[in-house]
Every structure is written in C-alpha cells, then in structure tokens.
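One-based numbering along the sequence shown.
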Amino acid sequence: MTSSSLLEMSYTELEKWWSNYLAEQKSWGAILERPYPELLTTWYAERLIDGSIPASEENILAAKRHMRDLERQGTDDFPWIFDEEKGHRPIRFIEKKCKPSKGDFDQLVLQPWQHFVIGSLFGWVHKDTGIRRFREALDMVGRKNGKTTLISGLSNYMLGFDNENGARIYVLANAEQQAHELFDEAKAMVEKSPYLSKRYKAQRNKIKYTEKFAEIQARASDSKRLDGLNTHLGIFDEIHEFKNFKLINVIKKSRGARKQPLIIYITTAGYVLDGPLMTYIEQAKDCLDNLEDNLDERTFYYVAKLDKPEEADHPELWIKANPNIGLMDFVNLVSDWKKDKRSPQERADWMTKQFNIFSDVDELSFVDIATIKKNNKVIDLETLKNRECIAGYDLSETEDFTAAALEFPLDDGSVFILCHSWIPQARYDRDSNPQRLDEWKQAGYLTVIPGDYVNYEYVFDWFVEQAEKYRIKMIAYDKAKALYLNKAIENHGFKTKEVRQGFLTLGGPMQNFKELLLDGKVIFNRNKMFQWYLNNVRLVKDRNDNWMPTKQNANRKIDGFAAALNAHTETVDLLIKPSGSGKIKAITMRDLLA
C-alpha cells in the first residue's frame, strides 16, 4: 500500500490499516508486547540490513558496523568481544525492577531498537579485562520515543548494579529546571518500584544507594556549581539545545578516576546548527561512512531520522526517525501531520522534532542544512593558480567579525569560494563558544587579531597575498565603513566597485547563489566557518519579492556570506556570459554532406 494512499485515507480506513500493520509486525517480533528472553541486538542489526525494518542510512551503517565487528572480535587488531549476557543484563533490570512512572502500564517492555542500543553499549567489552568498549554514545530519536525511560532506567541501573563503588550518576540538561525534571522522573521510577524503593533512598535532590555510597544528581549548564564531579554515568538530554561544550567538557574531564565511565547524549534534532550536536552528527557520519577506517571505535552512534524531507509524506517510513512508532498514536499523528504541514512553522517543527531533519522554524531561512551538505566537493587550490576571480569583503563593526572572499567561476558552471575572517582578541575572549573559534583558527579560516578592534590592514594584506596567487579581476565592496580600506586597495592598483546594499542590487545574485547551492555547485572545501555563515542567513523580502540577506539573530553572523555575495554580484555575469564570437553562419545540407 502506497504512502500517498495513507494520507488520502479516511480516519476509519487509516485505523483499519494501522490495526493490520500492528498485527503483522507483532507476529514476527518487530513490536514486542512482553519482555523477550534473549538479547536482540544482533537480530535487530540483521533486520535493518535486510530491510525488514526501515531505517536511516546512518542506522543501516551502524548495523553493518556491529556485524563487521562480530566477525573480527577478539583479534589483536580488535580486542573487543560481544558478551550477550552483559548486554542483556541492564535490559532485564529495567524490565523487571523498574516501573513506569506514567500511564497504565505495569511493566516496561524494551523494543528491539532499545536492545540494539543498550545491548551494544553494555555487551561490547574487552576480551581480557571485561572493560566496556564504548565510552560515549549518541542516541538521536524523534520525540515521544522513550527517551525518558532510557534515561531513568539506565541511571537507576548504573547507580547500584554496575559494580561501581561510589558511583556518581548525573542526569544533565541545558537548564536547571529541565535537569530536575529528568531527575524527578528517575525518582518517580524508584518510588513506583517495590524492589528499588527498598534499596534506594530518594531524596529531594539526590537518589542514594548507601550500600555502594552511590548517588544520582541533576546538573545543568546554568548550575551554579560544576566542580568536584566524578562521573561514572553522564546522561545528557536534548543536547540540540546546547550552544557550547562547557558542560560536556566538565563531564568528560570528571571521569578520569573511573575505569569504565559512560556518557550518553539522547536528543532530537534542533535549531542550533553550530552547536555540539552538529559536531557529533558530523562525527557519526564520518565514522559510519568509513567503516574500514575504524574511526571512533569507542563511540556508539544510533541516528534515527528520515533520509530526505520527501519521506515525511510517506508515513510507513516514519519508523526511520521513530523506532517506537508501534507504541505511538500513529493514526492521530498522521491526521495532525496532514493539518500541520500546511503551516511553514509547524511543518518545520515536525521535520525537526519528529523526523530529525535539521531545519529552521523560519520559512524565510536562506537554505537548510541538507542543502548546504550537498555542496561538499573539495578541489585542490593549486589548480586555481593564476585563475581569474572576483573578490568581495564585508566590514562589520571593528570590534566584531570581518570577512573577505574570493569567488572563482569554474568551467562546469559551479563556483569556488575562498573565505577568510578576522576578529579582535577582545571579541574572542567574550565569545560563548571559544572551542568553535579555536577549531576555525586551527583550520586556517580565522585570524584572531591582538587588541580590541580589527585593524583593516590585515584585510588589505590578505588581498595582496592572494593576488600573488590568483588574478583578482575586481574587488566588490559595501561602501559602509570601507573608506580607508578601499582607498588603500585602489592605491595598490586593484580595480574596485561599490555594491549598493539594496533589494534590486542583491536580490538577483542572491537568488542565483541559492540556485547554485540547490544544485550542489558551490564549492568551499567544507570550510566549517563558511558553512556556519550560510546557516545564519535569513531572507528579507520586499513587496515585489526581491531578496536581501540578514542575520537569524544578533549572535549568528553572516559576514562571510555577505563578502561572497558582494563578489557574486559580478561573478554571476561571468557564469551566464555566452561563449563564442556571437557571429552566426548559415550551413546548408550540401555543406554537411561535404
């Protein structure tokens, strides 16, 4: 049955379809109604690989990673083995000892996908020491897919049943209130369980297991005290909200005294496109796309998402992002989607939170992350030597970001962007995410200038340096704040042109630039700082639908894009310039035969 017919069905027809679907899935174990007596980690991996259970490209690769590791386990090159008993132990604990704090359920029944996640985390151990292989894990699933159950159940297991004296378990969030809500769920699970309530002591701000001197506590990025931690398990909720690595780094550094600490990030997708989650998603893709390279061998990845936005209209594929779909109110979900998708803001929320496709809630965002990712080609800069290009620059306030760019029109109709940025040391010192700036600086995308402001001589020197390698045909610029720099550039012999910052001047080039991005024809050698600039661009339209760029908010800079766009106002003419002499000559059939 096609998904388009699912969206076209009446409510009654959809109920019947869903009832038949559930019965069929339960018949062969894809949906469990009672605890399964064996570990299903490998079984689930096999079902993803053979397509019995639809899954994201990332999770199919995660399944292949598991099967590949089974084949080479216990070797000199790969000293890890898969111990099914150890992998099944926390699952049995959650199902037998923990009680759901909400709903009418008497017992928790973990589904096959949860067997895969938990079984992998606890089943892979060192062949000699028995120490767990995985030290970190990313678990990204859509909302209402049992994240709270996983957080509470694993926290209570690690508190007293992981053979760790003095264990410190931290449930972690971006804000104090959210962290305490998670803690309250773990506490409610203890209070509801006759077994756990006899052994654990649930207090206002701690859950204690006095026999092992162990505790569960809540912590958050805005907590007043983050020192003195000693992490055995750190379990983060919704790291898509994190704008920097502050709390994450605190937890990572606090695990040094533990022999097998574990950090788990459980989240949906989000709107912070330059935060820690995007870094982890990129690491996941790099690891899973290159299994033969054995990257991140001690980090586990489970990334449940739709592979492309079009799949949102195929409800039978929603399981890719929602592995717990069999326990959800599917019929009403479909009804809600049919209504909500007509609103750009609500559609974006669905795409982000239910389907785990990164987007921005504003329908006037310039491009989404999926479009930016299309433009991932890399070329050798040596091939551009002595090639013609157009330059542009954008001078923001002297105390903030400044950027310059070269744009090269290429023979196949694509463009290459070489971008560089500058900020003063004072601006670096007050940035909320200095780790990101350090990464850009080390990669050569950013220069941090001593002092309190950007001395524009640095930008001038950069253009002079680039002119020794490339033929800069023209430098396009915004007149604002450019008087000194532009005079120096002209005196050096560069040809310049002012670009008026208006709808009529920028609208056409901006639309063309987006078309190039949609076609994957903008090459920037995966410059993460330029990608960040693109993420931050929002459209402003006039009443004639002409475009202008602006920032998503005050903290999301677009200077590198503005510099490239200034250059593009001239480059676009080179891209569409007709080739040939323009002379037309008539040819007869006799000429062709001859």
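A distance of 11.5 Å separates CG in Leu317 from OG in Ser56, rounded to the nearest 0.5 Å. Atom CG of Leu32 and atom CG of Leu327 lie 9.0 Å apart (nearest 0.5 Å). For the atom pair CD1 (Ile91) and CG (Leu108), the distance works out to 12.5 Å, reported to the nearest 0.5 Å. Here the straight-line distance linking atom CG of Leu159 with atom CD1 of Ile207 works out to 7.0 Å at 0.5 Å rounding. To the nearest 0.5 Å, atom CE of residue Met67 and atom CD of residue Glu46 are 4.5 Å apart. Here CD1 of Ile558 is found 8.0 Å from CG of Asn536. Values are rounded to the nearest 0.5 Å.
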Show your reasoning for whether side chain to side chain contact (heavy atoms under 4.5 Å, CB included) applies to Thr299 and Leu138. CA-CA 8 Å; Thr299 303; Leu138 174 65; 5.8 Å; no
Apply side chain to side chain contact (heavy atoms under 4.5 Å, CB included) to Tyr265 and Ile235, showing your working. CA-CA 6 Å; Tyr265 312 100; Ile235 191 159; over 6 Å; no
Please step through side chain to side chain donor-acceptor pair (under 3.5 Å) for the pair Asp237 and Gln178, ending with a clear verdict. CA-CA 9 Å; Asp237 183 53; Gln178 183 185 357; 2.9 Å; yes
With side chain to side chain contact (heavy atoms under 4.5 Å, CB included) as the criterion, how do Ile151 and Glu185 come out once you've worked through the C-alpha distance, each side chain's angles and the decisive distance to 0.1 Å? CA-CA 9 Å; Ile151 292 171; Glu185 285 292 332; over 6 Å; no
Given salt bridge (Lys or Arg N to Asp or Glu O under 4.0 Å), test Arg133 with Asp69 step by step and report yes or no. CA-CA 12 Å; Arg133 167 190 174 183; Asp69 291 347; 2.9 Å; yes
Going through the distances and angles, do Ser197 and Glu191 end up as a side chain to side chain donor-acceptor pair (under 3.5 Å)? CA-CA 5 Å; Ser197 60; Glu191 293 170 341; over 6 Å; no
Stepwise salt bridge (Lys or Arg N to Asp or Glu O under 4.0 Å) test for Asp139 and Lys147: CA-CA 9 Å; Asp139 179 13; Lys147 294 196 298 294; over 6 Å; no
Start with the C-alpha distance between Met328 and Gln354, add both sets of side-chain angles, then the distance that settles side chain to side chain contact (heavy atoms under 4.5 Å, CB included), and finish with yes or no. CA-CA 12 Å; Met328 300 168 74; Gln354 203 69 65; 3.6 Å; yes
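Cation-pi geometry between Arg298 and Phe134 is not met at under 6.0 angstrom from the ring centre and within 45 degrees of the axis.
No salt bridge links Glu292 with Arg65; every basic N to acidic carboxylate O contact stays at or beyond 4.0 Å. Salt bridge annotation for Glu136-Lys252: present, with a cationic side-chain nitrogen under 4.0 angstrom from a carboxylate oxygen. Under a 4.0 Å N-O distance rule, the pair Lys320/Asp307 qualifies as a salt bridge. In summary, Lys259 and Glu164 do not engage in a salt bridge, as defined by a charged side-chain N under 4.0 Å from a carboxylate O. Between Arg347 and Asp340, no side-chain nitrogen of the basic residue sits less than 4.0 Å from a carboxylate oxygen of the acidic one, so the salt-bridge criterion is not met. Ion pairing of Lys353 with Asp349 is absent here, as no side-chain N (NZ or NE/NH1/NH2) approaches a carboxylate O to less than 4.0 Å. A salt bridge links Lys341 and Asp313; the closest N-O separation between the charged side-chain nitrogens and carboxylate oxygens is under 4.0 Å. Using a cut-off of 4.0 Å between Lys/Arg side-chain N and Asp/Glu carboxylate O, Glu58 and Lys305 are scored as salt-bridged. Look at Arg135 and Glu297 and you find no salt bridge, because none of the NZ, NE, NH1 or NH2 atoms lies under 4.0 Å from a carboxylate O.
In this structure, Phe116 has its ring center at least 6.0 angstrom away from the ring center of Trp113. For an aromatic pair to be called close, the ring centres must be under 6.0 Å apart, and Tyr445 with Phe530 fails this. Aromatic ring centres of His66 and Trp124: separated by under 6.0 Å. For Phe355 and Trp337, the ring centers are positioned less than 6.0 Å apart.
In this structure, Ser52 contributes its side chain and Leu48 its backbone to no donor-acceptor pair below 3.5 Å.
Side-chain atoms of Asn290 and Asp286 include a donor-acceptor pair closer than 3.5 Å. When only modelled atom types and interatomic distance are considered, Gln442 and Asp438 share no side-chain donor-acceptor pair under 3.5 Å. Asn156 and Arg199 are not linked by any side-chain donor-acceptor pair at a separation below 3.5 angstrom, with hydrogens and angles left out of the test. Side-chain contact of Arg143 with Asn356: a donor-acceptor pair under 3.5 Å is absent, judged by distance alone. Side-chain atoms of Ser254 and Thr231 include a donor-acceptor pair closer than 3.5 Å. Between the side chains of Gln435 and Asn244, no donor-acceptor pair is found at a separation under 3.5 Å. Using modelled atom types and a 3.5 Å distance limit, the side chains of Gln283 and Asp296 yield no donor-acceptor pair.
In this structure, Gln73 and Phe82 approach most closely via the heavy-atom pair OE1-N, 2.8 Å. Minimum heavy-atom separation, Glu316 to Ile319: O-CG2, 4.1 Å. The two atoms that bring His126 and Pro79 nearest to each other are NE2-CB, 3.6 Å, heavy atoms only. Smallest separation of non-hydrogen atoms from Ile60 and Ile49: O-CG1, 4.4 Å. Here the shortest heavy-atom pairing between Phe93 and Gly153 reads CE2-O, 4.0 Å. Residues Asn59 and Ala55 approach most closely at CB-CB, 4.2 Å, considering heavy atoms.
Tyr44 and Tyr302 have tilted rings, their planes meeting at an angle from 30° to 60° on a 0 to 90° scale. Between Phe236 and Phe242, the angle of the ring planes goes over 60°, which puts this pair in the perpendicular group of the 30/60° scheme.
Within 6.0 Å of CD on Glu282 lie more than 12 heavy atoms contributed by other residues, nucleotides or ligands. For NZ of Lys201, the number of neighbouring non-hydrogen atoms (other residues, nucleotides, ligands) closer than 6.0 Å is 12 at most. Within 6.0 Å of CZ on Arg204 lie no more than 12 heavy atoms contributed by other residues, nucleotides or ligands. The number of heavy atoms from other shown groups lying within 6.0 Å of CZ (Phe78) is above 12.
Ile94 is listed as a side-chain neighbour of Leu154, based on a closest heavy-atom distance under 4.5 Å. Contact of the Val303 side chain with the Val141 side chain is not registered, since no non-hydrogen atoms from C-beta on lie closer than 4.5 Å. In this structure the side chain of Asp336 reaches within 4.5 angstrom of the side chain of Trp350, judged on heavy atoms.
For the ring pair (Phe, Tyr, Trp, His ring centres under 6.0 Å) with Tyr200, the qualifying choice from Tyr209, Tyr195, Tyr157 is Tyr209, the only one to do so. The salt bridge (charged side-chain N to carboxylate O under 4.0 Å, His left out) test with Asp162 singles out one residue from Arg258, Lys212, Arg132, and that residue is Arg132.
Residues passing the salt bridge (Lys or Arg N to Asp or Glu O under 4.0 Å) test with Arg47 are Asp50, sequence neighbours excluded.
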